[in-house]
Each structure stands twice: as C-alpha cells, then as structure tokens.
Number of protein chains: 2
Amino acid sequence: MEKNLPPATVERLSNYRRKLKGINTEETAYIHSHQLAHLMRINPAHIRRDLMLINFSGDIHKGYNIENLIAKIGENIDCIRKQKLAFIGIGDLGRALASEFKNKDSKLEIVAAFRLEENLNDESVDFKCYPISKIKQVLKKEEIDIIVLTLTKINLKEVLKNIVDSGVKGILNFTSAHLDVPDEIYVENYDMIGKLEKLSYFTSCKD
Amino acid sequence: MEKNLPPATVERLSNYRRKLKGINTEETAYIHSHQLAHLMRINPAHIRRDLMLINFSGDIHKGYNIENLIAKIGENIDCIRKQKLAFIGIGDLGRALASEFKNKDSKLEIVAAFRLEENLNDESVDFKCYPISKIKQVLKKEEIDIIVLTLTKINLKEVLKNIVDSGVKGILNFTSAHLDVPDEIYVENYDMIGKLEKLSYFTSCKD
DNA sequence: AATTTCTTGTTAACATTTTAACAATATATG
DNA sequence: CATATATTGTTAAAATGTTAACAAGAAATT
Ligand SMILES: NC(=O)c1ccc[n+]([C@@H]2O[C@H](COP(=O)([O-])OP(=O)(O)OC[C@H]3O[C@@H](n4cnc5c(N)ncnc54)[C@H](O)[C@@H]3O)[C@@H](O)[C@H]2O)c1
Ligand SMILES: NC(=O)c1ccc[n+]([C@@H]2O[C@H](COP(=O)([O-])OP(=O)(O)OC[C@H]3O[C@@H](n4cnc5c(N)ncnc54)[C@H](O)[C@@H]3O)[C@@H](O)[C@H]2O)c1
C-alpha cells in the first residue's frame, strides 16, 4: 500500500472513524455524507471526496454502511502491525492522554512510560512505568516506534539523544521546547495555546 | 483593527511569540528569519511572509528585534480587553491545560472551572471551581467568552444548552462528543488521536 | 572603491485543501 | 409511466497555504 493520501485526509479519516465508532449500528447501520458532515462540522463534499480517495462506495440511497466504512478506513490508514508508543513524562497531561487509549482498540499501543521518580506506584495506568534512567535500555529492547513527549523539560537534551539513537520514527511533542532532531524523525508539535489564541482572534470584536 | 489575517498565520504568530518569549533577550536581542524558522521547524520564507502581513520590519543585518516583535504580534492578535475562559471538567486533562496558563501572562484568563463534585478542595489551581449546578449563574455573571470542554460527557446536552444560552462565543472541545451548537459559536475540536494516527501513517512502512 | 556576502521584503509560482457543481442513478410519488 | 426528489461519485473551480526566487540594500572584505 502506498502512502499517497493527503495528510489532511488521513487526519480526517481517523476522526471519521472515531466518530463512527460511537454510533450504535444496531439502530442505524448507514449514514449519509451530510449526516457525518454535520457531526464533524465540515462540508459534505469533503466526506465524499475523502471516501472516494480510499475507494469506498456508498449506497446511492441508504448512504454509507458504517461498519464497512470503519473497516475500510482501517485498511487505509492503519499500520499492518501494531505500533508501539512510549510516553516520556507521566504527570497530569500524560495520564490524561494515556487514558484516552483505554477501550479504543487502536493499532497504537502504549508499552512504556518514563518519569523522573525512581520509586513510584503507578496503579492508575495499565502499562509499565520506568524511571528515566532506564530509557536507553527500554527503548531499544521494546523497539518503540513513536514517542509522546509530556515531560517538564529538565534534561531534555539527554532524553532527546537517547530517543534519536534508539531509532524512533516519530515524536508527538507537547512541550514548548525546541526538538533538535534529524529530519528523518517526523515531529508533530501540539499546542493548545496557539489554538486558543486563534479562537480568541476570530471570536473577539477587534474594532 | 480588521480580522484579515489568515487563520494559519494567526496560529503561527501565537507560536512565534511563545517561542520568542523563551529567549533571553539580554543575551540575544535580535533573531533572523532562518533562526526562528529552525526553532519552529518551518520554512524561513514563512516567517518573513507572516511578519510582512503584520507590517513588522527587521533590520537588514541584525534581523528582527525580539521584544518589539513580541509586542507587535500582541497588537495584531490579542483582544483589546482580557478574554475570559472557563473550563468545564477539571480532571487530569483540565488541570494539565490550566497549569499551562500559569506564568504565561496571556490576554486569556481562566476565571472559573466547573466539575461534578459538590464539595472538593481545589488547592492546586488558582481560579475558582464551582459545582456544575452553578454553571448558568456563573457564566452569565462572569460574562465568559470562551469555554474549554474537558469533561467526561455525562449530561453534556444540558451543559451545552447553558453554554449556548449564556452567549459564549467560542468553544475549544477536547471531548469526542458532537457539539450541536449554533453556527455563530466558533468551535475548535482538538484531538490527539487523529494526530497520532496521522503520525503513524506517515512513519510506518506500508509495503 | 569595488566586490562579496548576507538578509530582508516582496512577488510570483506552486501545492494543497476546500467547496461548488453536476451528471448519473435509484427510489418515491403523483 | 412520467416526474420529482435525493444522494452518491467526480470533476472543476476557488480559496488558502507554502515555498522559491530575487531585487534592494547594508555591512564586511579585498
Ligand atoms: N501543548 C500543550 O497544549 C500542553 C498542555 C499542557 C501541558 N503541556 C506541557 O506538558 C508537559 C507536562 O505537563 P504536566 O502538567 O503533565 O506536568 P506534571 O508536572 O504533572 O508531570 C510532569 C511529568 O514529567 C516527568 N518528567 C519531568 N522531567 C522529566 C525528564 N527529564 N525525564 C523524564 N520524565 C520527566 C515527571 O516525572 C512527571 O511524570 C509540560 O512540559 C507542559 O508544559 C503542554
Ligand atoms: N482530545 C484529546 O486529545 C483528549 C485527550 C485526553 C482526554 N480527552 C477527553 O477529555 C475529557 C476529560 O479527561 P480526563 O482524563 O481529564 O478525565 P477525568 O476523569 O480526570 O476528569 C473529568 C472531569 O470532568 C468533570 N465532569 C464530568 N462530567 C461532568 C459534567 N457533566 N459537568 C461538569 N463536569 C463534569 C469531573 O468532575 C472531572 O473534573 C474526557 O472526555 C476525555 O475523553 C481528550
């Protein structure tokens, strides 16, 4: 399978799927483009175009079969094997994000988290938590694919070096720090403040 | 002032500012487009174009004066008066997001949070926390501009009705629920899973 | 003084994303 | 049966976003 879907489409497909999974298909097995569009707050043409790109056909009158669509999206955007995630920093934010994964049966699996504290009971989470001193060893052994950075930035430099050396392929970065890593590593920065300030700009009267 | 900046530029300007504020201007008072671009992992032309849009000029050799630039960005994207935020749901995620606001001296100010629990000590946060039963009353009285939704979705329908009635202008939504609110309210959905799955798509070998 | 070297500001080209438009087609309705 | 209606799939157009290119000009260097 070639990775020829536009990034914006990939992200939307993931969002469609999550929304569709929330629908009880015993009540409604089909959904129309305009209905899904309404749920997603986007244009119906968008939906039709995205589904065209993954070659998914609907019934001209009943609409799209929800279960089949969920499966088709998976065929197109999921990795064949499970990809392994590790969290670095497991405080308020890390815990909140990690708990989103429960009951999601995604192809992404959290296999480890790291934190400063050497001895700590981590009963609230269902993956293994290590002190950061073990990072080198664990990343290599577990063959982690993707890192989620939710740490406060003490020692970031050394942490990054270990990440790069371990062969990780992508980083989702929630810290405000600059990540000086090679271009081969796909970095996605994620910042709420930017979104909020954009929202503020477009909702405030500027006169 | 007219709101004629492209959304993508507004978001980037906010990000530039946050990055610039992290620089010690006693050491380096100026920054070049390519330096900031490197920090942001974007193209230098991007920076120059964005700053052109807000009419900010740099010194042809020294680059951009950091303090002036921070101020200029503020003039262009900040609301004249402080805008008031309220969080609905103040668990792991709410707390993590709220604590990002400390020491940020933004024009956005958290003035209230709501949660299910009637009696609870909220010592870790520095704004007022109310039980959700008080929502109607508080939103009206405080004239909240923007809502951050970080609740687990019990009673969402009623919560939404109160939000709409109170005249809120924007919602940053972290829940997976569909927000059925009038089009006048600017809704921004924010989902980490979509970003992660996109990251997974572009980092995995699909052959 | 001339030349080289940078960097900004700006334009124009390019790429991507979004949306409108509509033919094709199936069902329902009069 | 003919007509009205609704929805998909697809193309084309419009809008937005990104990047390349380069003139203009300031300092440094020869
Ligand atoms: N991008 C956003 O929108 C956003 C929102 C909220 C928080 N944040 C950022 O997320 C990060 C975490 O926030 P939080 O509220 O969860 O903080 P927290 O204090 O609750 O948790 C921090 C965690 O990181 C660990 N940690 C710190 N330094 C570490 C290191 N060098 N190596 C390994 N582990 C380390 C700690 O042990 C702890 O588990 C912060 O950098 C914060 O700025 C970003
Ligand atoms: N978009 C994302 O990337 C992302 C990531 C993590 C969590 N989430 C979502 O954020 C939400 C909160 O997650 P969390 O980990 O902080 O949960 P949590 O259980 O730690 O906290 C939930 C909070 O919401 C409050 N609450 C619940 N129902 C409420 C109601 N009807 N009215 C008022 N308050 C209410 C609770 O009192 C509590 O304060 C969940 O919906 C979760 O799915 C989204």
Side-chain angles (χ1 to χ4, degrees), chain A residues 2-16 20 28-66 68-69 72-73 76-77 183 187-189 194-195 198 201-202, chain B residues 2-16 20 28-66 68-69 72-73 76-77 183 187-189 194-195 198 201-202:
Chain A
E2 313 85 40
K3 283 180 279 189
N4 44 13
L5 294 174
T9 294
V10 174
E11 198 171 334
R12 272 195 304 271
L13 287 171
S14 162
N15 293 337
Y16 298 163
L20 292 169
T28 36
Y30 288 81
I31 193 168
H32 290 294
S33 61
H34 69 265
Q35 295 174 313
L36 183 53
H38 177 72
L39 292 176
M40 306 298 302
R41 298 193 137 238
I42 60 175
N43 191 296
H46 234 145
I47 308 266
R48 296 202 295 274
R49 206 170 190 297
D50 286 337
L51 301 195
M52 191 189 84
L53 292 177
I54 62 169
N55 236 353
F56 185 78
S57 291
D59 180 293
I60 197 171
H61 253 84
K62 289 195 273 185
Y64 302 99
N65 181 288
I66 294 176
N68 293 350
L69 177 50
K72 187 79 170 192
I73 291 174
N76 278 274
I77 71 171
D183 283 346
V187 175
E188 177 113 12
N189 289 302
K195 300 272 183 225
K198 183 172 69 169
Y201 179 82
F202 287 107
Chain B
E2 312 83 41
K3 283 178 280 189
N4 45 13
L5 294 173
T9 293
V10 173
E11 198 169 336
R12 273 194 305 270
L13 287 172
S14 162
N15 292 337
Y16 299 163
L20 292 169
T28 36
Y30 288 81
I31 193 167
H32 290 295
S33 61
H34 69 265
Q35 294 174 313
L36 183 53
H38 177 71
L39 293 176
M40 306 296 306
R41 297 193 137 235
I42 61 175
N43 190 294
H46 234 145
I47 308 265
R48 296 203 294 275
R49 204 168 194 300
D50 286 337
L51 300 196
M52 192 190 82
L53 291 178
I54 61 168
N55 236 357
F56 185 78
S57 290
D59 180 292
I60 198 172
H61 253 85
K62 290 194 274 185
Y64 301 99
N65 180 288
I66 294 176
N68 293 350
L69 178 50
K72 186 78 168 190
I73 291 175
N76 277 273
I77 71 170
D183 283 346
V187 175
E188 177 113 12
N189 290 303
K195 300 273 184 223
K198 182 172 72 172
Y201 179 82
F202 287 106

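By convention in this document, chain letters (A, B, ...) are assigned in the order of the sequence lines, proteins followed by strands, and residues within each chain are numbered from 1. Just the heavy atoms: all of them, side chains too, but no hydrogens, waters or symmetry mates, feed the values below.
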Asker: Only counting residues at least two apart or in another chain, list the ones meeting side chain to side chain donor-acceptor pair (under 3.5 Å) with Arg48(A).
Answerer: Ser33(A)
Asker: For a quick test of reading the model: is some side-chain N or O of Ser57(A) closer than 4.0 Å to OP1 or OP2 of dT8(D)?
Answerer: no
Asker: Between C1' on dT16(D) and CG on Leu5(B), what's the gap in Å once rounded to a whole number?
Answerer: 14 Å
Asker: For Glu11(A) and dT18(C), give me the distance from atom CD to atom C1', rounded to whole Å.
Answerer: 15 Å
Asker: Taking NZ from Lys62(A) and P from dT5(D), how many angstroms apart are they, rounded to a whole number?
Answerer: 24 Å
Asker: Can you check the Phe56(A) CZ to dT10(D) P distance for me, whole Å?
Answerer: 13 Å
Asker: Taking CG from Asp59(A) and P from dA28(C), how many angstroms apart are they, rounded to a whole number?
Answerer: 11 Å
Asker: For Ile66(A) versus Thr28(A), what's the shortest heavy-atom pair and its separation?
Answerer: CD1-O, 3.5 Å
Asker: Would you indicate which nucleotide in dT17(C), dA6(D), dA26(D) comes nearest to any side-chain atom of Ala8(A)?
Answerer: dT17(C)
Asker: In whole angstrom, give the distance that lies between atom NE2 of His61(B) and atom P of dA24(D).
Answerer: 17 Å
Asker: What's the shortest heavy-atom distance between Gly194(A) and Ser14(B), and which atoms?
Answerer: CA-OG, 3.4 Å
Asker: Return no unless some side-chain N or O of Thr9(A) is found under 4.0 Å from OP1 or OP2 of dT17(C).
Answerer: no
Asker: Nearest to the side chain of Pro7(B), heavy atoms from C-beta on, is which of dG17(D), dG9(D), dT27(C)?
Answerer: dG17(D)
Asker: Round to the nearest Å and state the distance from Leu53(B) atom CG to dT18(D) atom C1'.
Answerer: 12 Å
Asker: Find out whether Leu13(B) and Leu51(B) are in side-chain contact, i.e. whether some heavy atom of one side chain is under 4.5 Å from a heavy atom of the other.
Answerer: yes
Asker: Work out which heavy atom in Ile54(A) is nearest to a heavy atom in Lys72(A); give both atom names and the distance.
Answerer: O-CE, 3.0 Å
Asker: Rounded to whole Å, how long is the line connecting atom CD1 of Ile60(B) with atom C1' of dT4(C)?
Answerer: 15 Å
Asker: Can you tell me how far the CZ atom of Phe56(A) sits from the CD1 atom of Ile47(A), to the nearest 0.5 Å?
Answerer: 12.0 Å
Asker: Mind listing the residues from residues 29-38 of chain B sitting with a heavy atom below 4.0 Å of DNA chain C? Number order is fine.
Answerer: His32(B), Ser33(B), His34(B)
Asker: May I ask you to list the residues of residues 41-52 of chain A, by number, that have any heavy atom positioned under 4.0 Å from an atom of DNA chain D?
Answerer: Arg48(A), Arg49(A), Met52(A)
Asker: Ignoring hydrogens, what is the shortest heavy-atom contact between Leu69(B) and Tyr64(B)? Give both atom names and the distance.
Answerer: CD2-CB, 4.3 Å
Asker: Taking all non-hydrogen atoms of both residues into account, name the closest pair between Phe202(B) and Leu5(A) and its distance.
Answerer: CZ-O, 3.7 Å
Asker: Could you report the tightest heavy-atom contact between Val10(B) and Lys198(A), atom names first, then the distance?
Answerer: CG1-CA, 3.8 Å
